[in-house]
Amino acid sequence: MNIQSCSLRDEVITAAALLRAGKTVAFPTETVYGLGADAGNSTAVRRVFEIKGRPLGHPLIIHIAGAGDIETWAKDVPDMAFRLAERFWPGPLTLVLRRKAWVPDLVTGAQDGVALRVPLHPVALALLRAFGGGVAAPSANRFGGVSPTEARHVFEELGGKVDLILDGGSCAIGIESTILSLIETMPTILRPGGLPVTALTEAIGMQPALALSSGQSIRCPGMLPRHYAPRTMMEAEPSEAIWDRCCELEAAGERVGVLALTDPLAQSAIQRQTTVVVVMPPDPPGYARRLYTALRRLDSEGLDRLLVERPPMNFEWLAVNDRLRRATQVWRE
Ligand code: TXA
Ligand code: MG
């Protein structure tokens with residue numbers, strides 16, 4: 001395995017050849033880095049599960065070069081899928097559609113649906129075009145952990161196991177795509193993500209249903225109650241309680257990391273020698289972009305506990321709150 005430093009064109013050609021040979025390639029997207037394999041090659045896809053430590057049966061998103069490839073993988077595609085694809089692809093929207101029978105069970109988790117997305121990143125798009133097929137790719141992290149938003153995160157976590165890592169810089173969106181299922185009775189958001197719900201509501205002409213997270217199929221790892229999680233014990237607190245909690249833990253001798261939202265909090269916290277504070281941007285897209293890097297950083301400090309200042313509970317913050325809920329063991333209202 002190596003991180004390629006030659007020209008983008010050469011890298012992409014090498015990566016496409018590796019995919020054709022049944023190898024794995026980690027690549028950048030606008031959301032997070034993906035760990036890709038030829039979606040039509042079950043042996044190659046199996047390797048992705050092994051590398052991630054992901055239990056078999058959890059389906060993978062197939063990355064395609066454009067909406068023209070939808071019907072290679074999906075049948076009975078509703079008009080709405082084409083309309084949404086035209087509006088939001090390439091971009092952070094994954095559509096779950098009815099699978100064609102030939103699509104490997106390993107990719108779909110043997111479910112009725114197949115998840116498709118066209119990523120908005122020049123390296124990913126160049127790779128998909130050069131490869132010419134679909135690339136099944138989960139986020140390029142160990143199962144249950146924090147998704148990578150830089151090539152070095154992939155290298156640190158999976159370096160020895162992946163055949164090639166393409167470096168396309170930091171991911172612009174920073175959290176995973178929004179997953180919309182069009183095979184339920186109503187359009188249903190299975191996972192909030194990089195595409196805001198409001199944008200979907202406007203495009204569909206109605207608010208999509210929201211799948212209840214914890215009751216969902218166990219085959220959707222991104223929907224397990226605990227996911228996207230650092231190793232350090234983590235608690236979410238409302239703004240008015242977080243500083244008291246921090247003091248309480250410090251008094252008990254704990255070293256604490258704080259993911260703060262408001263500056264005044266950070267000012268007072270920074271004076272504490274045993275507390276590490278990361279101040280997050282106040283807007284949801286800015287927060288999302290920095291979230292996983294911040295969690296990784298705090299997780300690497302060897303702290304006893306992480307505290308998160310809870311963002312507001314509204315639609316704008318839906319995806320960030322979803323990831324924070326899954327990353328924390330304790331969520332105080
Ligand atoms: O932004 C993203 O979506 C990133 C980048 C790499 O594209 N990918 C990603 O993949 O987050 P992963 O595997 O970490 O999460 C994919 C989610 C899982 O929760 C999975 O269960 C769900 O998509 N999924 C995949 N195929 C599905 C299907 N056929 N039906 C329902 N859910 C599906
Ligand atoms: Mg993932």
Side-chain angles (χ1 to χ4, degrees), residues 24-37 39 45 48-49 51-64 73-74 88-100 103-121 123-125 127-128 134-149 151 153-154 157-158 166 168 171-184 188-195 211 213-214 216-229 288 292 319 322-323 326-327:
T24 55
V25 173
F27 61 98
T29 80
E30 80 283 29
T31 58
V32 300
Y33 274 73
L35 174 59
V45 174
V48 168
F49 281 87
I51 293 173
K52 272 187 71 87
R54 175 153 159 159
L56 292 174
H58 295 254
L60 304 181
I61 296 172
I62 301 179
H63 298 68
I64 54 178
W73 306 93
F88 296 117
W89 282 358
L93 173 66
T94 296
L95 293 175
V96 174
L97 302 166
R98 267 185 214 296
R99 68 184 285 196
K100 281 208 167 143
V103 184
D105 278 350
L106 200 55
V107 175
T108 61
Q111 303 190 54
D112 294 340
V114 62
L116 300 175
R117 130 171 162 84
V118 180
L120 177 57
H121 192 292
V123 175
L125 285 171
L127 175 64
L128 290 165
V135 174
S139 50
N141 53 282
R142 297 221 21 109
F143 181 70
V146 178
S147 298
T149 51
H153 299 158
V154 185
E157 208 168 319
L158 307 176
L166 293 173
C171 301
I173 290 190
I175 57 171
E176 301 79 359
S177 61
T178 300
I179 304 180
L180 182 74
S181 173
L182 296 179
I183 62 174
E184 325 291 323
T188 302
I189 292 181
L190 300 182
R191 177 181 72 183
L195 185 70
S213 47
S214 49
Q216 281 299 301
S217 160
I218 190 135
R219 287 163 162 188
C220 300
M223 296 167 184
L224 293 178
R226 185 139 171 83
H227 207 77
Y228 311 109
Y292 290 151
D322 172 81
R323 301 306 187 273
R326 289 173 213 284

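Ligands are counted one by one from 1 in listed order, and the atoms in each one are counted from 1 as well. When a residue number appears, it is its place in the shown sequence, counting from 1.
For a distance bound of 2.8 Å, the N, O or S atoms of Tyr228 include none lying that close to the Mg ion (ligand 2).
Side-chain N or O atoms of Lys52 include none that pairs as donor or acceptor with a backbone N or O of Leu158 at under 3.5 Å.
Near His63, with a cut-off below 4.0 Å to any heavy atom, the atoms of ligand 1 are 5 (C), 6 (C), 7 (O). If you number the atoms of ligand 1 from 1 as listed, the ones under 4.0 Å from a heavy atom of Thr31 come out as 1 (O), 2 (C), 4 (C), 5 (C). When each atom of ligand 1 is checked for a heavy atom of Ala115 under 4.0 Å away, the hits are 25 (C), 26 (N), 27 (C), 29 (N). Within the listing of ligand 1, atoms 25 (C), 26 (N) sit less than 4.0 angstrom from a heavy atom of Leu60. Under a 4.0 Å criterion applied to the non-hydrogen atoms of Gly113, ligand 1 contributes the atoms 29 (N). Of all atoms in ligand 1, listed by their number and element, those nearer than 4.0 Å to a heavy atom of Ser177 are 1 (O), 2 (C), 3 (O). The distance from ligand 1 to the heavy atoms of Ile179 drops below 4.0 Å at these ligand atoms: 17 (C), 22 (C), 23 (O).
At a heavy-atom cutoff of 4.0 Å, ligand 1 is contacted by no atom of Arg99, backbone or side chain. Contacts of Leu190 with ligand 1, taken as heavy-atom pairs under 4.0 Å, involve the side chain alone.
The shortest N/O to N/O separation between Arg117 and ligand 1 falls below 3.5 Å. Residue contacts with ligand 1: Thr108 is placed with no nitrogen or oxygen under 3.5 Å of a nitrogen or oxygen of the ligand (distance criterion only). By the 3.5 Å distance cut-off applied to N or O atoms, Glu176 is not counted among the residues near ligand 1.
Checked against the 6.0 Å centroid threshold, Phe27 and His63 count as a close aromatic pair.
Put simply, the side chain of Pro59 reaches to within 4.5 Å of the side chain of Gln111, judged on heavy atoms.
Nearest-residue assignment for atom 13 (O) of ligand 1 (options His227, Glu30, His58, Arg54; heavy-atom criterion): Arg54.
Closest approach of Leu97 to Ile183, counting heavy atoms only: C-CG2, 3.5 Å. Nearest heavy-atom pair across Thr178 and Leu195 is OG1-O, 2.7 Å.
Partner of Tyr33 under the side-chain contact (heavy atoms from CB on, under 4.5 Å) criterion, chosen from Cys171, Ser147, Ser139: Cys171. For the pairing with Val48, the side-chain contact (heavy atoms from CB on, under 4.5 Å) check across Thr24, Val107, Leu106 returns one residue only, Thr24.
The existence of a salt bridge linking Arg117 and Glu30 is confirmed by a sub-4.0 Å separation between a basic side-chain nitrogen and an acidic carboxylate oxygen.
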Next on the checklist: side chain to side chain contact (heavy atoms under 4.5 Å, CB included), that's the test. Do Arg54 and Phe49 meet it? Break it down for me.
Outcome noted: CA-CA 5 Å; Arg54 175 153 159 159; Phe49 281 87; 3.8 Å; yes
